[in-house]
Participant: 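Encoded as structure tokens, here's the structure I'll be asking about.
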Amino acid sequence: MADWSQLPYDIIQMIAIRLDAVEDFLAFSAVCSSWRSFYMTKKWTPGPQVPWLMLSDNKNSNMRSFFSLYRDKVYELELPEACGRRCWGSSDGWLVTIGSDLEIHLLNAFTRDQIRLPAASTFQFLFNVAVDWYQLIEKAILMRKPSQSTASKEDFLIVAIYGPLRQLAFTKPGYASWITVEESFQYRIMDVACLNDQIFAISATGTLLVVDINSHLPVIEHIAAPPHEWARDQIFLVESFGELLMIYQNVYVGNLNHTGDPVQFDVFKFDFGAREWTQLMDLGDRAIFLGDNISMSVSAANLINIRGNSIYFIGSKVEHWWRYDVHFVDRDSGVYNMASRIVEPFYFGADYPSYYSCPVWLTPTLCYNC
Amino acid sequence: MIVLNSSDGATFEVEESVAVQSQTIKHMIEDNCADTSIPLPNVNGVTLARVLEYIKKHAEAKDDEEGLKSFDAEFVKVDQASLFEIILAANYLDIKGLLDLTCQTVADQIKDLTVEEVRAIFNIMNDFTPEEEAKLRNDHAWAFE
């Protein structure tokens with residue numbers, strides 16, 4: 001009679017490292033004491049994971065709902081620290097939050113650890129702006145050096161796209177203020193990505209820039225022109241398995257000549273040799289996640305419930321949220337199929353977005369009782 | 001030709017070039033322990049026959065990627081008890097490809113299941129003390145609701 005609990009440690013480890021999703025790894029580790037042995041070493045380092053969707057702030061509760069695409073389940077986590085605050089997701093379990101008090105924090109959704117960052121009052125604006133607290137930051141991106149599982153706080157780098165001119169600033173835990181990238185106001189930055197330890201930014205016109213934060217004064221440099229001059233509604237920059245991708249999102253509402261879905265995505269890959277963009281018609285087995293978070297790319301090859309060659313997107317345009325149209329027309333969220341160029345809805349349960357809160361993608365992490 | 005003896009006395013003949021897919025057997029041959037036959041006290045006859053089927057196929061159809069893929073897929077369609085024996089044998093005989101295949105098979109069986117479902121499939125008893133059980137659930141409460 002096979003006694004699976006008697007598997008040697010080497011095999012337990014070999015099975016465990018083939019379980020990429022946090023939910024699977026935890027289920028495996030909870031089966032019996034021998035199957036828990038690898039978990040106990042704290043050496044689990046999974047590949048890029050399918051993110052969860054942190055649903056909007058429900059002010060009546062200290063619990064926050066998270067939708068797992070992989071398990072098609074909603075989890076409740078206690079997270080009062082995120083109440084009343086606008087949040088941006090990351091690929092690392094941490095959120096960047098801002099509140100009406102203009103305080104900005106890193107918040108780990110799983111351990112509830114908080115790291116205070118310089119307040120929004122340290123942002124430099126070219127002229128006096130009158131925007132509400134939840135509009136101060138357009139996008140906050142947490143970048144973290146891939147390192148050992150017990151990374152120190154020095155590895156955090158937070159980049160913010162802020163203000164009506166979409167300027168760029170960065171900071172690290174312990175800094176007294178946000179550091180503005182002076183020339184960034186010329187560009188209207190739409191998104192930021194990190195590849196090979198370099199920080200790239202994309203402007204509203206599709207111009208690719210590289211940002212050097214290590215020199216005495218941060219410098220922003222033009223790298224490449226956009227692939228074409230057509231207008232676009234939204235631009236994203238994604239680091240995907242060692243490649244730099246740019247994604248244009250366009251909404252063709254009311255364009256009678258345009259067949260297919262009103263929402264369209266065009267994906268471009270950057271050729272560092274030729275310094276130019278080429279259009280990518282097929283993502284292979286990759287799934288991309290776009291929203292109020294660092295743009296993420298995951299391989300759907302070994303995953304069930306996740307569609308490859310697709311773009312999962314959640315917009316933050318609140319005015320679009322109030323249209324709970326059965327057919328999801330014009331809704332600012334869905335799964336875009338690169339092959340058919342059609343948007344399909346994906347269901348994540350009841351959600352109540354507000355002027356400061358909408359769903360964001362956040363990758364779950366395992367925190368060993370940090 | 002190499003002769004292999006299983007734990008229950010069965011004898012198998014296999015070409016040396018095929019047998020060395022097992023690092024364990026390879027080292028035994030190199031260390032000159034293979035004069036007459038190689039004893040494998042940790043593997044029974046039925047399982048050894050299956051393992052030999054695997055390494056023979058992988059030797060003869062080495063370049064046929066598609067063919068090997070479908071062979072592998074069919075190969076692991078066995079009952080849980082047999083799968084268990086094959087994993088242990090692959091580990092003992094140190095056959096990387098077979099170990100990867102069987103571990104991936106087990107991982108695929110576990111995906112998208114709850115703890116209780118995994119225990120049922122593998123017929124494993126919960127042997128945690130109440131404290132140990134509570135610790136994991138508290139550290140990751142959301143996963144066990």
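The sequence lines fix the lettering, A, B, ..., with proteins before strands; numbering per chain opens at 1.
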Participant: Which members of residues 93-111 of chain B, sorted by number, sit under 4.5 angstrom from chain A on a heavy-atom basis?
Facilitator: Leu99(B), Asp100(B), Cys103(B), Gln104(B), Val106(B), Ala107(B), Ile110(B), Lys111(B)

Participant: Got a sec, which residues hit ring-ring contact (aromatic ring centres under 6.0 Å, His included) with Phe28(A), two or more places apart in sequence or on another chain?
Facilitator: Trp35(A)

Participant: About how many Å separate OG of Ser5(A) and CD1 of Ile124(B), when rounded to the nearest 0.5 Å?
Facilitator: 6.0 Å

Participant: Measuring heavy-atom distances to chain A, does Ile87(B) have an atom under 4.5 Å in its side chain, in its backbone, in both, or in neither?
Facilitator: both

Participant: Are Leu88(B) and Pro8(A) close enough that some pair of their side-chain heavy atoms sits under 4.5 Å apart?
Facilitator: yes

Participant: Sequence neighbours left out, what passes ring-ring contact (aromatic ring centres under 6.0 Å, His included) with Phe71(B)? Give chain and number order.
Facilitator: Phe75(B)

Participant: Please name all residues satisfying side-chain contact (heavy atoms from CB on, under 4.5 Å) with Arg112(A), sequence neighbours left out, ordered by chain then number.
Facilitator: Glu78(A), Leu79(A), Pro80(A), Glu81(A)

Participant: For a 4.5 angstrom cut-off between non-hydrogen side-chain atoms, does Asp139(B) reach Phe110(A)?
Facilitator: no

Participant: Just so I understand: if I count every heavy-atom pair under 4.5 Å between each of Leu113(B), Thr129(B), Val118(B), Asn126(B) and chain A, which residue has the most?
Facilitator: Leu113(B)

Participant: Does any non-hydrogen side-chain atom of His140(B) lie less than 4.5 Å from one of Leu366(A)?
Facilitator: yes

Participant: Kindly compute the distance separating NZ (Lys73(A)) from OG1 (Thr114(B)), expressed to the nearest 0.5 Å.
Facilitator: 8.5 Å

Participant: How many angstroms lie between CG in Asn123(B) and CH2 in Trp4(A), if you round to the nearest 0.5 Å?
Facilitator: 11.0 Å

Participant: Which heavy atom of Ala2(A) sits nearest to which heavy atom of Ala81(B), and what is that distance?
Facilitator: CB-CA, 3.9 Å

